[in-house]
4 protein chains.
Amino acid sequence: MPKLGMEPIRREALVTAAIAEIGAAGSLDVTVSAISKRAGMSSALAHHYFGNKDQIFLAAMRHILAGFAVEVHSRLSLANTPRDRLKALVEASFARSCFDPEVISAWLNFYVKAHSSPDAMRLLRVYQRRLRSNLIHALRPISRKPEELADAIAALIDGLYIRAALGAPISRDPAATILAFTAPHLEDDQ
Amino acid sequence: MPKLGMEPIRREALVTAAIAEIGAAGSLDVTVSAISKRAGMSSALAHHYFGNKDQIFLAAMRHILAGFAVEVHSRLSLANTPRDRLKALVEASFARSCFDPEVISAWLNFYVKAHSSPDAMRLLRVYQRRLRSNLIHALRPISRKPEELADAIAALIDGLYIRAALGAPISRDPAATILAFTAPHLEDDQ
Amino acid sequence: MPKLGMEPIRREALVTAAIAEIGAAGSLDVTVSAISKRAGMSSALAHHYFGNKDQIFLAAMRHILAGFAVEVHSRLSLANTPRDRLKALVEASFARSCFDPEVISAWLNFYVKAHSSPDAMRLLRVYQRRLRSNLIHALRPISRKPEELADAIAALIDGLYIRAALGAPISRDPAATILAFTAPHLEDDQ
Amino acid sequence: MPKLGMEPIRREALVTAAIAEIGAAGSLDVTVSAISKRAGMSSALAHHYFGNKDQIFLAAMRHILAGFAVEVHSRLSLANTPRDRLKALVEASFARSCFDPEVISAWLNFYVKAHSSPDAMRLLRVYQRRLRSNLIHALRPISRKPEELADAIAALIDGLYIRAALGAPISRDPAATILAFTAPHLEDDQ
DNA sequence: AATGAATGAGGATTCATTCAT
DNA sequence: GATGAATGAATCCTCATTCAT
């Protein structure tokens, strides 16, 4: 067995396991033991590396946020027009990786967790601010009220997310819904 | 004094207390004892009336749903045109009673709870179906794709709800946002 | 099984059990479970009544202090001269009840506990102040430096206590030792 | 650099750290990790050198006892009369080094620890016997009951120690208190 | 109808200790 | 010699739930 540099490996394993466990339970009512077991270690080790349960959750949330950021930037880097940028942002929000039931469940739960945990809230705000500023940046050339439109789109994203998470029957692809719904509010860019 | 007819009073008190407690905690991590104490009775009595904790939560959810239904129907009964009906539905979703921080927080939590509780899910579906059919009914005369539009509007409602629950700074009245956003998708009714 | 007024009975049982357990272990490293088991109840009930482990310890300390106060006052009430009062105080400190190995062990441990627990310290100060003022009151008519003498006697009491607790071979009755040792410092009272 | 001869250095560091840690905590509830960290090494190494936690404590106790022995003998070697020897013994007990709050706290804790640990008890007995025989030796020429007087003085030392450890307000120098208190019991030596 | 009494089960967290390198 | 890695065992505490009265 290896002896050095285990920390990042263990942390990664725990974060992954935490997300999986949350996904499986559908809630944050998950024990450190269950997470640790799934990650192949004792719960004592989990505490050794993360200090406490909340830190595991926060790390998991950061992990998901980072995954989302990757989706966003990889798509954004290919977009040249404001419309493309908007499309990139919306589609990133419904990318496979974000739409993975496991992730969507964790995401949803963190959302609520933010309501009672300042740390979680802080992370959530980061996501919200980033999405908002990305949206506004994309919308500015093609909308007269980019802020308001951005807020509506962000709300639409969140709303469709939840519906997906809760398995509501969806008439069509969420991204398409958003884009179609947004279209009339856009002007021509030049 | 006769103790007859205490049951509905006790149940009501517990349901109200549960919502308050959830609102205060910002999560469903609320003890039956705390709820009972707030409702002015022993936890044993709470169990006597509800059987178990989940049933208290479900009753609370039903209570909120019922409150919402009242908002909807009282407004709907005053609406004569499709546009008015749409407005009524949207505004009901952000009525004072639904927008009460306490209620909005409980609502959000129940939402997520549905992900792990079939009973909660069942209740949620009722709400979703009812809202959807109300929206479609209102939209049919003024939209060519009433289903899709209804889904978008419902998602917008949920999304704005969440943002409100999480205390996101809101640029303007959510109902107005939705209506403005929806307007371009409506045709003239005749 | 009875159903009402259990609280004082349970508390008493727990306090007694705690003292016994501490006595048996010779230290405060005693589990709530062990105490509860000895007291014939679940640890959950112990927590229900005391809130936490420290409160059990404090209650036990209070119990011992109260027992000591009884020893003191019963003897004091029979004493008529300053010398008798002094004798009463010293003998109370080495009364059977205080000298019970179980009690002496608990006492000793609380002593040390006071060093790290403000609450325990507070209790200890009460005992110290009370003993000191009793001694000074008794000594004033028969000593020119009652405070200093009181402090010395108090120290002697504590020191002999510890030696007894630690099973040091004792040449004679501690109370007699103290009185003999103190005698030359006393003047005649009139 | 050769790592030879590290053992005594490490042990010394651990013992010192243990005393400091116990002093800071005011109790023996100190973790091996904390001690090791303070001593600048891993807890694994601490175990390597000492086997287990108790051995660290015992070594610390031995260290303190040795320090005390040094105080005693350095003073004793300068004393020529019985009275001087007595003074030397008493003053050694309240020497700077023994009166250091850190040491006094550790000392007190070890004292009580002896009640539940045979090994600690053994060490304590050594100290007690040594002190007793030293006192008796000093007192024999100037007291008719050297044993009894020695016991009283030893008890006084312990008692004043405890009071100091517990931060009781001390009216005057403990050594002076003891000597003044003892004086009337001494005869002239010839 | 109502409650104090009571508990079993579980969960987070800590820590001394061991081991492979 | 030295340490990061790892864990089993314990402990405090919480809480939903049951029961006798």
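Naming: A, B, ... by sequence-line order, numbering from 1 per chain.
With sequence neighbours excluded, the residues that form a side chain to side chain donor-acceptor pair (under 3.5 Å) with Arg11(D) are Glu7(D). For Ala106(D), the side chain to side chain contact (heavy atoms under 4.5 Å, CB included) test picks out Ile19(D), Ile22(D), Ile64(D), Phe110(D), with sequence neighbours left out. With sequence neighbours left out, Ser116(D) forms a side chain to side chain contact (heavy atoms under 4.5 Å, CB included) with Ser27(C). For Arg122(D), the salt bridge (charged side-chain N to carboxylate O under 4.0 Å, His left out) test picks out Asp119(D), with sequence neighbours left out. Applying the side chain to side chain contact (heavy atoms under 4.5 Å, CB included) criterion to Ala165(D), with sequence neighbours excluded, gives Ile104(D), Leu108(D).
Sorted by first then second residue, the salt bridge (Lys or Arg N to Asp or Glu O under 4.0 Å) pairs that include residues 22-35 of chain C, not counting sequence neighbours, number zero. Annotation: ring-ring contact (aromatic ring centres under 6.0 Å, His included) contacts involving residues 11-66 of chain D, sequence neighbours excluded, are absent. Applying the salt bridge (Lys or Arg N to Asp or Glu O under 4.0 Å) rule to pairs touching residues 34-52 of chain C yields Glu21(C)-Arg38(C), sequence neighbours excluded. Residue pairs meeting the salt bridge (Lys or Arg N to Asp or Glu O under 4.0 Å) criterion with at least one partner in residues 53-62 of chain C, sequence neighbours excluded, are Asp54(C)-Lys113(C).
For the pair Asn52(C) CG and dC13(F) P, the computed distance is 5 Å after rounding to whole Å. Residue Asp54(D) contributes atom CG, which lies 16 Å from atom P of dC15(E) at whole-angstrom precision. Taking atom CE of residue Met6(C) and atom P of nucleotide dT21(F), one finds them 12 Å apart after rounding to whole Å. Nucleotide dA2(E) holds its C1' atom 12 Å from the CG atom of Leu4(C), rounded to whole Å. Between the CD atom of Gln55(A) and the P atom of dT14(E) there is a distance of 12 Å, given to the nearest Å. Atom CZ of Phe57(C) and atom P of dC13(F) are 10 Å apart (whole Å). Atom CD of Glu7(D) and atom C1' of dA2(F) are 13 Å apart (whole Å).
The aromatic rings of Trp107(C) and Tyr127(C) sit perpendicular, their planes meeting at an angle over 60°, well past the 30° parallel limit.
The residue among Leu45(D) and Gly51(B) whose nearest nucleotide of DNA chain F lies closer to the 5′ end is Leu45(D). Projected onto DNA chain E by closest heavy-atom contact, Pro8(C) and Lys53(D) fall at different nucleotides, the more 5' of which corresponds to Pro8(C).
Using a 4.0 Å cut-off, no side-chain N or O of His48(D) falls inside it from OP1 or OP2 of dA2(F).
Within residues 34-44 of chain C, the residues that have a heavy atom under 4.0 Å from DNA chain E are, in order of number, Met41(C), Ser42(C), Ala44(C). Contacts with DNA chain E (heavy atom under 4.0 Å) in residues 9-31 of chain A: Val30(A), Thr31(A), listed by number.
Inter-residue side-chain proximity for Gln55(B) and Asn52(B) is flagged as met; some heavy-atom pair is nearer than 4.5 Å. Residues Ile9(C) and Met6(C) meet the side-chain proximity criterion, which asks for heavy atoms closer than 4.5 Å.
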**Complete:** Annotated structure of DNA chain F as dot-bracket, pair cut-off 3.5 Å, Watson-Crick or G-U only, | for inter-strand, is .||||||||||||||||||||
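In the set dA5(E), dA16(F), dA1(E), dA16(F) carries the atom at the smallest distance from any side-chain atom of His47(B). For Tyr49(A), the listed nucleotide lying nearest its side chain is dA5(F); candidates were dA5(F), dA2(F), dC12(F).
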